[in-house]
2 protein chains.
Amino acid sequence: MTVNLERLKERFEVISRFGKIGDTGVCRPALSKTEREAFDVVAGWMEQAGMTVRVDHFGNLIGRLEGKNPNGPVLMIGSHLDSQPYGGRFDGTAGVLAGLEAVTAMAERGIVPEVPVEVVSFCDEEGWRFQKGLFGSRGITGRVEPEELELMDRDGITRRQALRDFGCDPDKLHESVYLPGQIGAYLELHIEQGPLLERQNRPVGIVSGIAGPLWLTVTLKGRAGHAGSVPMRERRDALVGAAEIVVALNRMVQEEEGVPTVGTVGSLRLFPNSPNVIPEEVEFTVDLRDIDMNRRRRIEERLREAIAQSADRHGLAYSIRESANLQPRYCAEWMKRILHEESQAMGLEAPELMSGPFHDALVMADVCDFAMIFVRCRNGVSHSPEEYASYEDLALGTKLLYRGVLRISDQLSRRRRPTVK
Amino acid sequence: MTVNLERLKERFEVISRFGKIGDTGVCRPALSKTEREAFDVVAGWMEQAGMTVRVDHFGNLIGRLEGKNPNGPVLMIGSHLDSQPYGGRFDGTAGVLAGLEAVTAMAERGIVPEVPVEVVSFCDEEGWRFQKGLFGSRGITGRVEPEELELMDRDGITRRQALRDFGCDPDKLHESVYLPGQIGAYLELHIEQGPLLERQNRPVGIVSGIAGPLWLTVTLKGRAGHAGSVPMRERRDALVGAAEIVVALNRMVQEEEGVPTVGTVGSLRLFPNSPNVIPEEVEFTVDLRDIDMNRRRRIEERLREAIAQSADRHGLAYSIRESANLQPRYCAEWMKRILHEESQAMGLEAPELMSGPFHDALVMADVCDFAMIFVRCRNGVSHSPEEYASYEDLALGTKLLYRGVLRISDQLSRRRRPTVK
């Protein structure tokens with residue numbers, strides 16, 4: 001036995017206690033005390049597996065298993081331990097614990113990889129706390145802008161302050177950036193967060209690529225006034241304008257049949273938010289995704305038109321801020337081939353599928369080859385306490401990860417140093 | 001000179017410092033420390049005018065000027081010092097300071113009224129903090145339900161706790177309820193909060209009646225899920241459902257031309273409120289007002305239908321809670337006649353107009369005759385820092401109030417004790 005299902009399960013149970021909501025839910029904000037507690041426990045397990053552990057200045061937890069060639073390109077495996085505000089126990093955590101389990105299994109069998117293997121829990125993948133995610137992976141790849149440190153959470157705490165409270169030094173971020181070529185490949189296991197593997201009755205899938213999301217933050221500003229006296233025709237009601245846009249977006253992403261376009265307004269706040277006051281200002285986010293970038297662009301254009309029209313109709317000023325605009329990224333053929341071969345050897349028929357949700361892998365794709373393993377989840381539900389994947393499926397995915405790590409680390413030591421992209 | 005414009009103005013300036021926002025705005029929540037500070041200052045002015053002052057167990061500030069007949073029916077004048085979360089300095093405050101000024105003017109001239117005159121600042125007229133307003137006036141008229149004490153504000157503080165922190169005893173509320181017939185009449189000055197006086201170029205108006213508002217709280221519950229992976233057709237997005245209802249309400253109140261119907265969604269919150277999570281639950285308020293109760297009822301029915309249809313379309317569970325449902329109330333003919341006569345004697349042509357916003361007078365109407373004086377405000381704006389009325393207009397309204405108080409108190413001593421309604 002390589003991967004230990006019982007140990008894996010027990011570790012999921014332990015980690016799910018940090019930020020537990022109800023029976024099955026989790027709220028573990030990035031850079032919070034609960035995340036730090038989870039880090040400390042995982043760090044202990046990493047050390048038990050013979051890894052050297054550090055929390056870098058971006059708030060990433062990184063465990064390193066030394067390779068025969070300590071200067072060889074690193075094989076990085078990981079995901080994230082931060083969760084949605086009302087999330088489940090598998091999203092992110094699965095990739096960290098699976099990576100840890102793969103390394104633990106190697107240590108138990110006395111396997112020393114050819115190149116260093118690092119298991120990472122990236123800081124703030126989810127992005128809801130400071131309204132900009134993938135922080136840790138963008139950090140180590142040199143893609144964090146200095147202004148981001150001033151972004152504030154709902155309690156008025158800046159990212160800079162949160163990093164400090166977490167024990168990081170935001171003035172030393174540059175020390176935590178990897179050199180070009182230092183990371184040879186990135187491998188991530190994640191629950192699917194969609195319904196396809198379940199429909200095909202397959203426990204594990206191999207990812208072909210990741211759809212790039214467009215994130216917009218739209219602000220509409222009208223005029224407050226008394227809900228009992230300002231005549232309807234004289235109003236500049238920001239919420240009515242926003243509601244029209246929410247309805248329009250929902251319609252336009254569904255017009256073309258049989259395509260995977262998705263559009264969501266997930267966050268919205270209004271001001272002053274009082275029952276008998278006409279809303280003066282509304283801010284909301286738009287999340288728009290498609291594998292087909294041309295279609296995504298066409299819908300974006302129409303959405304911008306709808307925003308302009310609604311603002312015009314209701315006398316509102318508006319602004320649109322783009323907080324993410326990512327291209328789709330495709331997994332490395334050679335890494336996919338290894339995963340397909342290993343899954344066949346395990347007797348799994350692992351289908352290939354696209355990822356609608358993004359992951360830290362989308363960022364890592366900028367600096368190295370990457371691949372991803374998906375594990376079936378129930379009803380395609382994620383970002384919810386109802387999120388569920390069986391430990392048997394997770395163990396199968398972890399076993400494929402383990403086999404992948406052995407072959408990919410081996411391959412990395414033989415490949416020419418990849419050119420910097 | 002009876003009413004002192006300079007003193008009135010200075011007192012507005014002083015009170016507007018408690019909870020000041022920006023240059024002209026005010027946030028003075030009911031039962032807050034800032035309201036208490038404003039109470040203390042007003043209480044001092046009341047005492048200077050020879051009134052005895054108390055804060056009752058509902059959190060009302062009441063100053064009493066004794067009458068020649070201390071057992072005669074009380075003439076109550078007042079309004080409220082609590083403000084909207086993002087409000088102006090005139091709404092509510094005008095009525096309290098005008099009442100105080102009228103009594104001060106009487107004291108300065110050595111006038112002892114026939115019946116007791118009480119100046120009151122009612123607790124929590126605005127109702128946003130605990131989502132149920134007109135608390136103080138409902139309190140003294142025996143219309144507060146015990147459950148209301150458990151309503152919580154956004155910080156989880158109950159009304160019961162807030163009353164205690166304010167120095168009131170929520171177990172002794174009954175001691176602060178007036179006996180039937182004890183209040184003879186109620187008179188309130190308020191800024192118009194609408195555009196009609198300004199359009200007619202008149203500083204002061206006499207109110208004919210108050211439109212009754214319907215307040216509903218609507219909750220829609222769908223299912224959370226990942227914004228990047230759950231296909232559009234499988235979603236149960238509570239915000240899309242809510243947005244359709246906001247749009248539908250806005251349309252249906254505007255269908256009939258030239259009527260004063262107004263409908264507003266002023267408050268809305270969603271859960272979990274994260275950019276890449278499909279909204280699971282949305283709660284919003286509906287404020288619907290009309291002078292014509294039949295029309296209001298027809299629109300309410302159509303709104304309820306629209307809610308049911310939208311919930312059905314998006315697979316949402318829903319509930320509708322009625323937090324206020326008030327009938328329109330009309331001012332007493334004899335009090336209006338006095339105000340008309342006095343305004344003519346002052347050389348004012350004070351038009352009669354309906355009030356869209358409600359006031360504590362709407363509640364007082366249940367137990368006694370009432371009348372209201374409106375003062376012109378700029379652009380009809382209220383519940384906003386842009387709210388503005390000139391001190392000259394306010395002084396004119398206050399002078400009319402003063403003259404009204406003299407005659408109404410006189411009249412009350414001669415009228416038969418009004419029958420309990």
Side-chain angles (χ1 to χ4, degrees), chain A residues 84-86 126-128 131 192-195 211 213 215 223-234 237 239-240 242-244 246-247 250 253-254 260-280 285 287 289 356-358 380-384 386, chain B residues 84-86 126-128 131 192-195 211 213 215 223-234 237 239-240 242-244 246-247 250 253-254 260-262 264-280 285 287 289 355-358 380-384 386:
Chain A
Q84 282 289 319
Y86 182 62
E126 296 291 359
W128 56 271
Q131 278 161 63
E192 181 198 345
Q193 308 183 284
W215 276 20
R223 192 172 55 201
H226 195 297
S229 57
V230 182
M232 296 307 293
R233 310 236 171 244
E234 296 180 20
D237 185 327
L239 182 61
V240 173
E244 286 179 358
V246 170
V247 172
N250 190 256
V253 296
Q254 294 189 65
T261 323
V262 283
T264 311
V265 174
S267 167
L268 182 147
R269 28 182 191 190
L270 65 168
F271 178 83
N273 206 18
S274 180
N276 58 349
V277 183
I278 300 160
E280 173 154 309
T285 57
D287 177 313
R289 305 188 198 204
F358 61 78
V381 173
S382 182
H383 285 197
S384 159
E386 288 180 46
Chain B
Q84 282 290 317
Y86 182 62
E126 296 291 0
W128 56 271
Q131 277 159 61
E192 183 197 344
Q193 308 184 284
W215 277 19
R223 192 173 54 201
H226 195 298
S229 57
V230 181
M232 296 308 292
R233 310 232 171 246
E234 295 180 22
D237 185 327
L239 181 61
V240 173
E244 286 179 358
V246 170
V247 172
N250 189 255
V253 295
Q254 294 189 63
T261 322
V262 283
T264 312
V265 174
S267 165
L268 181 146
R269 26 180 196 193
L270 65 168
F271 178 84
N273 206 18
S274 180
N276 58 350
V277 184
I278 299 160
E280 173 154 307
T285 57
D287 178 312
R289 304 188 199 204
S355 176
F358 60 79
V381 173
S382 182
H383 285 197
S384 158
E386 288 180 45

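Note that the coordinates shown come from a computational prediction; the quantities given were computed from them, not determined experimentally. Naming convention: chains lettered A, B, ... in sequence-line order (proteins, then strands); numbering from 1 in each chain. Atom set for the values below is all heavy atoms of this structure, side chains included, hydrogens, waters and symmetry mates excluded.
Interface check for chain A: of the options B:Val262, B:Thr285, B:Asp287, B:Thr261, the most heavy-atom pairs under 4.5 Å are formed by B:Val262. With chain A as the partner, the residue from B:Asn276, B:Val240, B:Val253, B:Val230 showing the most heavy-atom pairs under 4.5 Å is B:Asn276. Interface remark: of the candidates B:Ser382, B:Ala243, B:Pro275, B:Gly356, B:Pro275 forms the most heavy-atom pairs closer than 4.5 Å to chain A. Counting heavy-atom pairs closer than 4.5 Å to chain A, the top-ranked of the candidates B:Pro231, B:Ala224, B:Ala227, B:Pro213 is B:Ala227. When the candidates B:Gln84, B:Gln131, B:His383 are compared by the number of heavy-atom contacts under 4.5 Å with chain A, B:His383 comes out ahead. For chain A, the option among B:Gly127, B:Ser384, B:Gly225, B:Ser355 with the highest count of heavy-atom pairs below 4.5 Å is B:Gly225. For chain B, the option among A:Gly194, A:Pro272, A:Ser274, A:Ala242 with the highest count of heavy-atom pairs below 4.5 Å is A:Ser274.
If you measure heavy-atom distances from B:Leu270 to chain A, the contacts under 4.5 Å come from the side chain alone. Of the atoms belonging to B:Ala211, not a single heavy atom falls under 4.5 Å from chain A. Only the side chain of B:Glu386 comes within less than 4.5 Å of a heavy atom of chain A; its backbone N, CA, C and O stay farther away. Proximity to chain B is limited to the side chain of A:Arg223, based on heavy atoms less than 4.5 angstrom apart.
Residues passing the side chain to side chain contact (heavy atoms under 4.5 Å, CB included) test with B:Ser229 are A:Gln193, A:Pro357, B:His226, sequence neighbours excluded. Listed by chain and number, the residues in a side chain to side chain contact (heavy atoms under 4.5 Å, CB included) with A:Gln254 are A:Asn250, B:Met232, B:Arg233 (sequence neighbours excluded).
Side-chain contact between A:Pro195 and B:Glu234 is present, with at least one heavy-atom pair separated by less than 4.5 Å.
Closest approach of A:Asn273 and B:Ser267 over heavy atoms only: OD1-CA, 3.0 Å.
The residue from B:Val247, B:Val246, B:Asp237, B:Leu239 that alone fulfils the side-chain contact (heavy atoms from CB on, under 4.5 Å) condition with A:Val246 is B:Leu239.
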